[in-house]
Amino acid sequence: MKRLTSFIMVALVALCGSGAFAQQITKFGVVDTAKVYNAYFRNSAPVRNYEKKKAEFQQEINKYTDEIQKLQTKKIDYEQAGNENMALKTQAEITKKSDFLIEYTNAKNVELESMQKTLQGSDAFYNKLYDTLSKIAESGGYSMILSLQQANSILWYSNSVDITEQVIVELGK
């Protein structure tokens, strides 16, 4: 009986010991993908191009607006001088330039929106993000990386598992 009890104890220790060695600790990481997206695109050539176009369009709009304001001042001067004929011609020019400005502004806003949608839907960015996350996960021993934007399932996390900054650095290389 003593031998049987000893054998059972040794078997239990062996089973428990092998279970402890077989058990793997799961390591999770979290990423603030919105922060990564903003950091990545803030310095990218496509975003700089978008911002440049936006500034150029705004300069053109300002130029046309200034022209219209000068014409309006001219019209007032003509009206005060009693020159109704020139005031009417100037009003016609104001109307023509105002209509053009509205069409120009609408067209450029559509162009900018299209550029912005292209930036936001960039498959190249998401492919690079996935490759970067994969590299960090494998080198850091992470079993899973979760997005903070899908936080409805993340009730709490330690800052020690937040790899957002590491992802931003890797994407910047």
Side-chain angles (χ1 to χ4, degrees), residues 28-138 142 144-157 159 161-173:
F28 289 90
V30 296
V31 175
D32 185 342
T33 50
K35 185 176 177 182
V36 170
Y37 182 85
N38 288 334
Y40 178 77
F41 278 113
R42 179 176 46 238
N43 297 319
S44 72
V47 168
R48 287 193 311 268
N49 184 36
Y50 169 80
E51 293 297 331
K52 181 181 174 190
K53 285 247 188 239
K54 187 176 172 181
E56 288 171 0
F57 296 157
Q58 189 60 52
Q59 280 182 324
E60 287 294 312
I61 290 168
N62 292 344
K63 183 179 94 174
Y64 294 129
T65 302
D66 288 344
E67 287 177 17
I68 292 169
Q69 288 174 345
K70 287 176 184 175
L71 286 171
Q72 287 173 335
T73 302
K74 236 185 208 183
K75 178 187 168 211
I76 292 169
D77 290 343
Y78 287 137
E79 288 172 342
Q80 288 175 349
N83 192 345
E84 287 300 315
N85 189 29
M86 286 304 290
L88 287 173
K89 284 183 180 180
T90 306
Q91 180 58 50
E93 196 174 347
I94 290 170
T95 301
K96 182 179 172 185
K97 288 191 181 247
S98 294
D99 291 344
F100 172 79
L101 179 58
I102 290 168
E103 288 178 28
Y104 178 83
T105 302
N106 289 338
K108 295 306 177 182
N109 282 336
V110 167
E111 189 176 335
L112 287 173
E113 286 174 21
S114 175
M115 288 177 74
Q116 191 172 35
K117 284 180 183 176
T118 300
L119 284 173
Q120 291 174 343
S122 169
D123 285 340
F125 166 73
Y126 289 106
N127 289 338
K128 189 170 182 178
L129 176 62
Y130 180 79
D131 291 343
T132 301
L133 289 173
S134 178
K135 178 180 167 186
I136 291 171
E138 289 173 7
Y142 294 97
M144 186 179 298
I145 298 179
L146 306 169
S147 169
L148 288 177
Q149 275 50 58
Q150 309 304 321
N152 56 354
S153 63
I154 301 172
L155 300 176
W156 179 88
Y157 70 94
N159 286 335
V161 299
D162 188 345
I163 62 169
T164 302
E165 293 302 322
Q166 186 178 0
V167 171
I168 291 171
V169 168
E170 285 291 322
L171 277 172
K173 289 183 178 178

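Count residues from 1 along the sequence.
Note on K89 versus E93: no salt bridge recorded, every NZ/NE/NH1/NH2 to OD/OE distance being 4.0 Å or above. Ionic pairing of E67 and K70 is not present here: no N-O contact between side-chain nitrogen and carboxylate oxygen is shorter than 4.0 angstrom.
Judged purely by atom type and a 3.5 angstrom limit, S114 has no side-chain atom pairing as donor or acceptor with the backbone of V110. Proximity of a side-chain donor or acceptor of T132 to a complementary backbone N or O of K128 within less than 3.5 Å is detected.
Between the CG atom of L88 and the OH atom of Y78 there is a distance of 12.0 Å, given to the nearest 0.5 Å. Between atom CD1 of residue I61 and atom CG of residue D66 there is a gap of 12.0 Å, rounded to the nearest 0.5 Å. Once rounded to the nearest 0.5 Å, the distance linking CG of D32 with CD1 of I163 reads 11.5 Å. Separation of atoms NZ (K63) and CG (L101) is listed at 11.5 Å; rounding is to 0.5 Å. Put simply, NZ on K75 and CE on M86 are 13.0 Å apart, with the number rounded to the nearest 0.5 Å. Put simply, NZ on K74 and CG on D77 are 9.5 Å apart, with the number rounded to the nearest 0.5 Å.
When all heavy atoms of Y50 and L112 are compared, the closest pair comes out as CE1-O, 3.4 Å. Closest heavy-atom contact between D162 and V31: OD1-CA, 4.5 Å. Considering every non-hydrogen atom in both L133 and I145, the closest pair reads O-CD1, 3.8 Å. When all heavy atoms of A87 and E79 are compared, the pair lying nearest together is CB-CG, 3.7 Å. In plain terms, the two heavy atoms of L71 and K97 that are nearest each other are CD1-CD, 3.7 Å.
Side-chain contact of T73 with Q69: a donor-acceptor pair under 3.5 Å is absent, judged by distance alone. Side-chain N/O atoms of E113 and N109 include no donor and acceptor closer than 3.5 Å.
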Check the pair V167 / K35 against side chain to side chain contact (heavy atoms under 4.5 Å, CB included), numbers first and verdict last. CA-CA 10 Å; V167 171; K35 185 176 177 182; over 6 Å; no
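Using a 4.5 Å heavy-atom cutoff, the side chains of K108 and E60 are not in contact.
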